[in-house]
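Encoded as structure tokens, the structure appears first; notes follow it.
Residue numbers run from 1 in the order of the sequence given. Here the structure is a predicted model, which means the values were calculated and not measured.
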Amino acid sequence: MNHTAQKRIRDYGVKIGKLETGPNNSITDVEGVTVGHVTLSENDRQTGVTAILPHQGNLFKEKLIASTHVINGFGKTMGTIQINELGTLETPILLTNTLSIGTAADALIDYMLEQNPEIGRTTGTVNPVVCECNDMFLNDIRARFITKDHVRKALENTSSFVEEGTVGAGTGMLCYSLKGGIGTASRIMKMEQGTYTLGVLVLTNFGILSDLTINGRAVGEELKERILHSREEQDKGSIIIIAGTDLPVSERQLNRIIKRTITGLSRTGSIITTGSGEVVIGFSTATKIPHEQTSQYMSVPMIHEEEIDLAFRAIGEATEEAVLNSLITATHVVGRDGNERPALKVLLEKYNIEL
């Protein structure tokens, strides 16, 4: 499924920010980036896997400049320590549910070992990157439905078109007490040196309904007043934010950029509660770092610090829009023990609310 098959937040007349979007308004507008999903949605099985390939070559042999940032650390991720120490990414990024990170990591290690027979023999090991959110309300998370085959399928079937909402790792996720999931957006950055792209993909699983804000409007409060049986839950969710760009930056500059995801997150209403885990991983495709040492010094191009505000704006806008896309594209789900969460688009229509 591609973007044309789903009604996104802009199709409701909501325009976020000032910058132009890329052609697909997606993280895959960054050349070389692709995304794949495996979705498991039946009765109490409401979960899945999402894979992000930052480029189409061998990531272990051609690493990318990368950085991570923890806004609030109530979460479980794998691989971020080494990314921050070395400033590079050497595997695809996987998203799944909390209790499936081990399976996902095992499958990702298999995938990397097959591509790189030198790992663990003539060179070091590999740093798999896996992130999670907790989908236990809709999914029987204890059953651990995710298998290595599911992970492999997500890795091997990526595309430049990103399906959003109730798909992949987002199948069982909640956002602002409604159905959440996968969302994406992008922004174009026009600089003197050229035109660059920054894209964001989110896995949303956070927030309470009364806080939901769309373009400055308290839509969540309006909905709460109409849903008589609505009960505020404590926010114990999370969000994973993956940011990719072709902008030439150092890992230090990239870290400064990805910290600004919080501006977009807060504009949707998040207050970053104590039980919510907000983790950001960013990478730049502008420079490929060879695994093998060479006899030449390495040269890493980067923008001047005075130009970085444009990237700060871009990532805030893209994050805000990606979160809203995850909400508006999601579908109503009935899952474990009959637990259910409505879709924002259904409620807007039911209560005749125009955005």
Side-chain angles (χ1 to χ4, degrees), residues 27 30 32-36 49-71 73 75-133 146 148 150-152 154-156 158 169 201 203 238 240-245 249-255 257-259 261 277-294 298 300:
I27 192 172
V30 179
V33 179
T34 54
V35 175
V49 181
T50 296
I52 301 101
L53 270 60
H55 72 66
Q56 300 305 297
N58 187 314
L59 266 166
F60 185 76
K61 294 178 179 176
E62 293 184 307
K63 308 178 197 301
L64 296 181
I65 286 176
S67 185
T68 77
H69 175 62
V70 177
I71 301 172
K76 297 86 185 161
T77 58
M78 182 175 292
T80 54
I81 294 174
Q82 182 171 309
I83 290 176
N84 285 347
E85 183 68 25
L86 302 182
T88 56
L89 175 69
E90 62 183 19
T91 74
I93 300 168
L94 293 178
L95 310 178
T96 190
N97 74 65
T98 309
L99 298 188
S100 294
I101 54 174
T103 301
D106 201 17
L108 182 52
I109 290 170
D110 286 347
Y111 177 83
M112 298 303 296
L113 292 179
E114 289 173 16
Q115 294 183 14
N116 302 278
E118 69 272 26
I119 292 175
R121 290 290 186 265
T122 59
T123 189
T125 58
V126 68
N127 184 49
V129 180
V130 185
C131 302
E132 57 75 35
C133 287
I146 299 298
K148 291 168 70 173
H150 294 138
V151 179
R152 175 58 68 99
L155 285 164
E156 292 181 344
T158 64
L201 182 141
L203 174 62
S238 300
I240 303 297
I241 306 171
I242 308 299
T245 186
V249 286
S250 67
E251 62 267 29
R252 178 191 58 77
Q253 290 177 322
L254 184 58
N255 187 258
I257 293 168
I258 64 175
K259 286 178 179 178
T261 54
E278 284 81 12
V279 178
V280 193
I281 298 177
F283 60 84
S284 170
T285 62
T287 304
K288 292 183 172 63
I289 310 296
H291 177 73
E292 298 294 338
Q293 180 181 343
T294 66
M298 290 191 56
V300 178

With heavy-atom distances below 4.5 Å as the criterion, would you say the side chains of [X] and [Y] are in contact?
X	Y	answer
K61	E292	no
L64	H55	yes
V279	I71	no
M112	P92	yes
T77	V130	no
T50	L94	no
K288	K63	no
I52	V33	yes

When rounded to the nearest 0.5 angstrom, what distance separates [atom1] in [X] from [atom2] in [Y]?
X	Y	atom1	atom2	answer
K259	H69	NZ	NE2	6.0 Å
L108	T103	CG	OG1	12.5 Å
L89	T285	CG	OG1	11.5 Å

Which heavy atom in [X] sits nearest to a heavy atom in [Y], and how many Å separate them?
X	Y	value
M298	I289	CE-CD1, 3.4 Å
I109	P128	CG1-CG, 3.9 Å
G244	I27	N-CD1, 4.1 Å
A154	V49	CB-CG1, 4.0 Å

Residue of the set L155, T91, N116 for which side-chain contact (heavy atoms from CB on, under 4.5 Å) holds with Y111: L155

Identified side-chain contact (heavy atoms from CB on, under 4.5 Å) counterpart of F283 within the set I258, I93, L59: I93

